[in-house]
Amino acid sequence: VLPRRPDCPASLLCSAGLDSLAIRMPRHPVALALLAASRRPIAAPSANRAGRVSPTTPDHVREELEGRIDMILDGGPCTVGVESTVLDLTGPTPLLLRPGGLAREEIEAIIGPVTVPTPQATDDEGEAPRLSPGMLSSHYAPAIPVRLEAREPRDGEAFLGFGSPAPGVRAPDLQLSAAGDTTEAATRLFASLRALDRPPFTAIAVMPIPETGLGTAINDRLRRAAAPRPAAS
């Protein structure tokens, strides 16, 4: 996220009227080919309904948006699995607005310390911190409840594993990573939540995941998936 230049031609709708603009450079060859063919920047939302589990395959997009879109540009399954890291560079201190596919440690190795704002934090002017897509307290949510830090499942719960469960605990219904690899777990996170979000399961119990590497982004998504849902209006 960078300061918006006065002569910036991008519509203010792209940045909700703010004086900043988020720029993302993809590395997938299909996305790069689309940009080259259009010969202009592209602004677009994510390919899922607001608040729902993010898609990581073309089939997920089709399931979520069938009848709402005209076509799908199929680039295959996502290789990272969680959304982009969002870094705010508009102030004197870099702010990590959203942990994602680029771990905080990798960023700090290049630019130095990065601050993670708390939801209650304010800046020097007493204003609330900037928001970013995916920062709502309830987000990335399956239809059934999600329970975190689960050592074993309860009756009716699907069991989503990370590493080996304790002796005597039944095997997970799906594994994010049997080896305890957070990079592998990130690629499987959203597809696993979607696969377990179905009868006969009444909830999804997720084993503990460490706050290292991509574990920070994974836990961020899981906490939002497990947060209380807003009351229907």
Side-chain angles (χ1 to χ4, degrees), residues 1-52 54-56 61 64-65 68-76 78-140 186 190 213-214 216-218 220-221 224:
V1 180
L2 297 167
R4 183 188 179 98
R5 289 172 43 153
D7 60 346
C8 177
S11 169
L12 286 169
L13 294 174
C14 298
S15 54
L18 298 175
D19 58 357
S20 59
L21 195 65
I23 306 297
R24 180 181 184 272
M25 182 64 185
R27 67 179 178 183
H28 195 286
V30 173
L32 293 173
L34 176 63
L35 288 169
S38 66
R39 302 180 66 180
R40 67 187 62 199
I42 294 176
S46 55
N48 60 290
R49 286 177 289 167
R52 295 293 302 277
S54 297
T56 53
V61 178
E64 186 84 14
L65 299 177
R68 298 168 181 252
I69 54 177
D70 294 324
M71 65 176 292
I72 297 173
L73 188 60
D74 187 347
C78 293
T79 57
V80 177
V82 291
E83 299 85 353
S84 305
T85 305
V86 179
L87 190 68
D88 184 353
L89 299 178
T90 60
T93 304
L95 297 177
L96 185 67
L97 297 186
R98 181 178 72 180
L102 190 63
R104 179 182 179 182
E105 298 92 329
E106 296 178 84
I107 298 172
E108 291 186 324
I110 297 172
I111 68 172
V114 171
T115 299
V116 180
T118 62
Q120 293 78 27
T122 58
D123 61 20
D124 293 338
E125 303 298 325
E127 295 180 355
R130 293 179 183 272
L131 295 179
S132 171
M135 289 184 69
L136 295 175
S137 59
S138 177
H139 204 74
Y140 311 106
F190 289 132
L214 293 188
T216 302
I218 294 170
D220 172 79
R221 305 312 189 271
R224 297 178 195 283

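Here, residue 1 is the first one in the sequence, and each next residue gets the next number. Computed from a prediction, not measured in an experiment: that's the story for all the values here.
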Report task. Report, as yes or no, whether the 6.0 Å neighbourhood of atom CG on D70 holds more than 12 heavy atoms from other residues, nucleotides or ligands. Result -> no
Query raised in the report: Is a donor on one side and an acceptor on the other found under 3.5 Å between the side chain of S20 and the backbone of V1?
Result: no
Requested in this report: Before accepting this row, confirm whether a basic side-chain N of the pair E64/R49 lies closer than 4.0 Å to the acidic partner's carboxylate O.
Outcome: yes
**Report entry** Over all atoms of both residues, closest heavy-atom pair of A186 and L214
**Finding:** CB-CD1, 3.8 Å
Query raised in the report: In chain order, what residues pass the side-chain contact (heavy atoms from CB on, under 4.5 Å) check against E105, with sequence neighbours excluded?
Result: A103
**Report entry** Residues which pass side-chain contact (heavy atoms from CB on, under 4.5 Å) with R40, listed by chain and number, not counting sequence neighbours
**Finding:** S38
Query - Note, L97 side chain near V116 side chain (heavy atom, < 4.5 Å) - result: no
**Report entry** Nearest heavy-atom neighbours spanning P55 and C78
**Finding:** O-SG, 4.3 Å
Requested in this report: Indicate whether the side chain of E83 and that of S54 have a donor and an acceptor atom separated by less than 3.5 Å.
Outcome: yes
Query raised in the report: Is there a side-chain contact between L65 and N48, using heavy atoms and a 4.5 Å cut-off?
Result: no
Report task. Check side chain to side chain donor-acceptor pair (under 3.5 Å) between S84 and all other residues, then give those that pass, not counting sequence neighbours. Result -> R24
Query raised in the report: Which pair of heavy atoms, one from T56 and one from G81, lies closest together, and at what distance?
Result: CG2-O, 3.5 Å
Query - Short side-chain to backbone donor-acceptor contact, E108 and P113, under 3.5 Å - result: no
**Report entry** Criterion side-chain contact (heavy atoms from CB on, under 4.5 Å) on V61 and I69, from CA distance to verdict
**Finding:** CA-CA 10 Å; V61 178; I69 54 177; 4.0 Å; yes
Report task. State, with a plain yes or no, whether a side-chain heavy atom of L21 is found less than 4.5 Å away from one of C8. Result -> yes
Requested in this report: Quick one: list whatever passes side-chain contact (heavy atoms from CB on, under 4.5 Å) with A33, sequence neighbours left out.
Outcome: none
Query - Inter-residue atom distance L95.CG - L89.CG, 0.5 Å rounding - result: 8.5 Å
Query - Side chain proximity check, I110 to E106, heavy atoms < 4.5 angstrom - result: no
Report summary line: So CZ of R98 and CG of D88: to nearest 0.5 Å the spacing works out to 13.5 Å
Query raised in the report: For V80, what residues pass the side-chain contact (heavy atoms from CB on, under 4.5 Å) criterion, not counting sequence neighbours?
Result: R27, V82
Query - With sequence neighbours excluded, residues passing salt bridge (Lys or Arg N to Asp or Glu O under 4.0 Å) with R4 - result: none
Requested in this report: Could you tell me whether the side chain of L73 reaches within less than 4.5 Å of the side chain of V30, counting heavy atoms only?
Outcome: yes
**Report entry** Approximate separation, where rounding is to 0.5 Å, of L96 CG and T115 OG1
**Finding:** 9.5 Å
